[in-house]
Amino acid sequence: MFNIILFGPPGSGKGTQATSIEEKYDLHHISTGDLFRHELKNNTDIGKKIQKYLDSGQLVPDEITILMLKNKILSYSNPNGFLLDGFPRNIAQAEALLELFKSLKSDVHLLVSLDVPEEEIVARILNRGKTSGRTDDNDESVIRGRYKVYEEVTDPVFDYFHSMNKASKVNGIGTIDEIFGRVVEVIDKHVGKE
Ligand code: AMP
């Protein structure tokens with residue numbers, strides 16, 4: 001198994017890049033945000049519990065998020081690998097992920113972070129909000145709040161993997177193809193090292 005974390009603030013282009021990366025490396029793309037939105041849409045028990053967190057841009061509690069992610073990963077038989085998007089978002093989730101992959105005799109191989117400054121993030125998400133139908137994409141104060149959560153709680157996850165020599169930053173400004181090229185370069189360099 002080859003497992004990659006696609007990292008970066010909300011609106012940094014993770015979902016857009018994930019489509020091309022999962023295809024090129026034959027990985028299963030798992031976005032915890034998409035999984036949560038699916039629960040909301042279907043008005044499930046989880047959906048009812050998480051609505052307030054998604055609406056306000058706060059993190060869903062770990063016990064819900066980690067269990068959902070674990071169940072999703074374990075639902076695949078013989079996977080080639082995973083591309084995680086939006087997870088882990090704090091150190092406890094990172095530790096749980098490493099433990100899960102260890103139990104599957106695998107590991108997190110690489111974290112690729114898309115680097116995009118706050119002002120560009122706010123502009124991009126407000127623009128996405130015109131068509132995404134996401135309530136959390138329409139309110140500038142919620143968007144800035146999501147960025148703040150990223151800086152305070154999520155960003156330390158980069159250092160956590162960097163200290164294991166498993167994290168790289170990529171410039172997230174440019175065309176979709178340019179950024180994809182940078183991501184591929186980082187992944188291929190890392191694969192060569194393994
Ligand atoms: P995203 O689509 O990744 O921007 O996620 C949308 C929202 O889903 C976030 O603002 C959180 O409320 C929730 N969410 C997604 N992933 C996680 C996670 N790993 N931990 C906690 N909450 C999450």
Side-chain angles (χ1 to χ4, degrees), residues 3-19 21-22 27-74 82-101 108 111-118 120-161 167 172:
N3 303 307
I4 300 178
I5 297 168
L6 192 54
F7 196 74
S12 57
K14 299 189 294 293
T16 306
Q17 291 299 327
T19 313
I21 301 168
E22 68 168 333
L27 305 173
H28 294 292
H29 170 210
I30 300 180
S31 152
T32 42
D34 285 350
L35 292 177
F36 282 138
R37 281 184 288 277
H38 183 78
E39 301 285 343
L40 269 187
K41 209 170 127 209
N42 291 294
N43 204 20
T44 62
D45 287 346
I46 293 185
K48 286 177 194 136
K49 280 190 205 151
I50 63 170
Q51 173 110 47
K52 60 175 183 231
Y53 300 103
L54 270 84
D55 285 350
S56 63
Q58 295 302 306
L59 294 189
V60 173
D62 284 348
E63 59 269 26
I64 300 176
T65 308
I66 292 172
L67 186 64
M68 181 183 72
L69 190 273
K70 271 189 184 169
N71 288 339
K72 186 72 185 172
I73 286 186
L74 295 173
F82 293 96
L83 177 64
L84 300 176
D85 155 5
F87 187 97
R89 258 174 155 99
N90 60 30
I91 298 291
Q93 292 181 8
E95 286 172 343
L97 185 67
L98 285 171
E99 204 177 297
L100 174 65
F101 281 139
V108 169
L111 178 152
V112 183
S113 179
L114 301 177
D115 218 10
V116 180
E118 179 173 359
E120 171 79 11
I121 290 291
V122 174
R124 278 191 195 180
I125 298 185
L126 281 172
N127 195 39
R128 181 172 78 182
K130 291 179 192 157
T131 52
S132 72
R134 288 176 53 171
T135 48
D136 61 343
D137 279 355
N138 275 305
D139 180 329
E140 183 167 338
S141 66
V142 172
I143 297 170
R144 292 207 185 266
R146 286 159 67 197
Y147 191 83
K148 194 156 183 262
V149 169
Y150 173 79
E151 273 190 318
E152 289 176 0
V153 184
T154 306
D155 196 44
V157 172
F158 180 88
D159 294 332
Y160 181 79
F161 285 101

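These figures come from a predicted structure and were not determined experimentally. As the structure lists them, so they are numbered: ligands from 1, and atoms in each ligand from 1.
- The shortest N or O to N or O distance between G86 and ligand 1 is under 3.5 Å.
- Relative to atom 6 (C) of ligand 1, the option among Q51, K52, R37 with the closest non-hydrogen atom is R37.
- Heavy-atom distances between R134 and ligand 1 reach below 4.0 Å in at least one pair.
- The atoms of ligand 1 that sit less than 4.0 Å from any heavy atom of Q58 are 11 (C), 12 (O).
- Residue P88 has no N or O atom closer than 3.5 Å to an N or O atom of ligand 1.
- Per-residue contacts place Y53 under 4.0 angstrom from the following atoms of ligand 1 (heavy atoms of the residue considered): 12 (O).
- Of the possible polar contacts, none joining the K70 side chain to the A96 backbone as a donor-acceptor pair under 3.5 Å is found.
- Using a 4.0 Å cut-off between heavy atoms, L59 contacts ligand 1 through both its backbone and its side chain.
- Scanning the protein heavy atoms around atom 7 (C) of ligand 1, the nearest turns out to be L54 CG, 3.8 Å.
- Less than 4.0 angstrom separates some heavy atom of R146 from each of these atoms of ligand 1: 4 (O).
- Of the candidates Q93, K14, R89, R89 brings a heavy atom nearest to atom 4 (O) of ligand 1.
- Here the side chain of N42 pairs no donor or acceptor atom with the backbone of T44 at under 3.5 angstrom.
- For atom 22 (N) of ligand 1, the closest non-hydrogen atom on the protein side is V60 N, 3.0 Å.
- With Q93 contributing its side chain and R89 its backbone, the two residues share a donor-acceptor pair below 3.5 Å.
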Chi angles and distances behind the side chain to side chain contact (heavy atoms under 4.5 Å, CB included) call for D45, K48: CA-CA 5 Å; D45 287 346; K48 286 177 194 136; 4.2 Å; yes
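- Close approach of ligand 1 to T65 is summarised as follows: ligand atoms under 4.0 Å from at least one heavy atom of the residue are 18 (C), 19 (N), 20 (N), 21 (C).
- Partner of R146 under the side chain to side chain contact (heavy atoms under 4.5 Å, CB included) criterion, chosen from L59, I125, I121, V122: I125.
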Go through it in stages, so that I can follow the logic: the residues are F161 and F7, the test is side chain to side chain contact (heavy atoms under 4.5 Å, CB included), and I'd like the CA-CA distance, side-chain angles, deciding distance and then a yes or no. CA-CA 11 Å; F161 285 101; F7 196 74; over 6 Å; no
Go through the steps to decide whether F101 and V108 satisfy the test side chain to side chain contact (heavy atoms under 4.5 Å, CB included), and finish with yes or no. CA-CA 7 Å; F101 281 139; V108 169; 3.8 Å; yes
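- The number of heavy-atom neighbours closer than 6.0 Å to CD of E99, taken from other residues, nucleotides and ligands shown, is 12 or below.
- Atom 16 (N) of ligand 1 has as its closest protein heavy atom T32 OG1, 2.8 Å.
- The option with the heavy atom closest to atom 14 (N) of ligand 1, from among Y150, F87, F36, is F36.
- Checked options N3, I5, I4; the residue passing with L111 is I5 (criterion: side chain to side chain contact (heavy atoms under 4.5 Å, CB included)).
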